[in-house]
Amino acid sequence: MRKFDRNGKAFGKQSEEQRIIILKQRASEAHLQVELTKINEELSELEKEKDEKTKASIVIYGKVYPNTSMHFGKYSKAILQTV
């Protein structure tokens, strides 16, 4: 049976099976860390893309009078003042 110090680290001789398990866990942790980094990068790219889509604007040349409706697909906006 293995003994552990106060920090949870094992000391003493490890069996071959325990050594292999620890190596597999370290490899899994490294792989998951790489995956987490990729996911975080994708998330930040998607957030930038979302921000770009929500900051849309319309440029109007000329006058638009009150009681005019502007339609874009299923969305519409009533103009209440002269622009």
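Fair warning: this is a prediction, and the values are worked out from it, not measured in the lab.
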Flag if over 12 foreign heavy atoms under 6.0 Å of CG, N67 | no
Does F72 belong to the same Ile/Leu/Val/Met/Phe/Trp/Tyr cluster as V64, with side-chain heavy atoms less than 4.5 Å apart forming each link?
-> yes
CD/E41 to CG/L36 distance, rounded to the nearest 0.5 angstrom?
-> 10.0 Å
Give the C-alpha distance, both sets of side-chain angles, the deciding distance and a yes or no for side-chain contact (heavy atoms from CB on, under 4.5 Å) between K38 and E35.
-> CA-CA 5 Å; K38 287 180 185 178; E35 290 295 317; 4.1 Å; yes
Give, for atom CD1 of I79 and atom CD1 of I60, the distance between the pair rounded to the nearest 0.5 Å.
-> 6.0 Å
Identify the two heavy atoms, one from S76 and one from H71, that lie closest to each other, and give their separation to 0.1 Å.
-> CB-ND1, 3.1 Å
Hey, can you pull the donor-acceptor pairs under 3.5 Å for the side chains in residues 19-33, sequence neighbours left out?
unit_1: R19; atom_1: NH2; unit_2: E16; atom_2: OE2; d: 2.7
unit_1: S28; atom_1: OG; unit_2: K24; atom_2: O; d: 3.1

Can any side-chain N or O of Q18 pair as donor or acceptor with the backbone N or O of S15 at less than 3.5 Å?
-> yes
Under the salt bridge (Lys or Arg N to Asp or Glu O under 4.0 Å) test, which residues partner E49, sequence neighbours left out?
-> K53
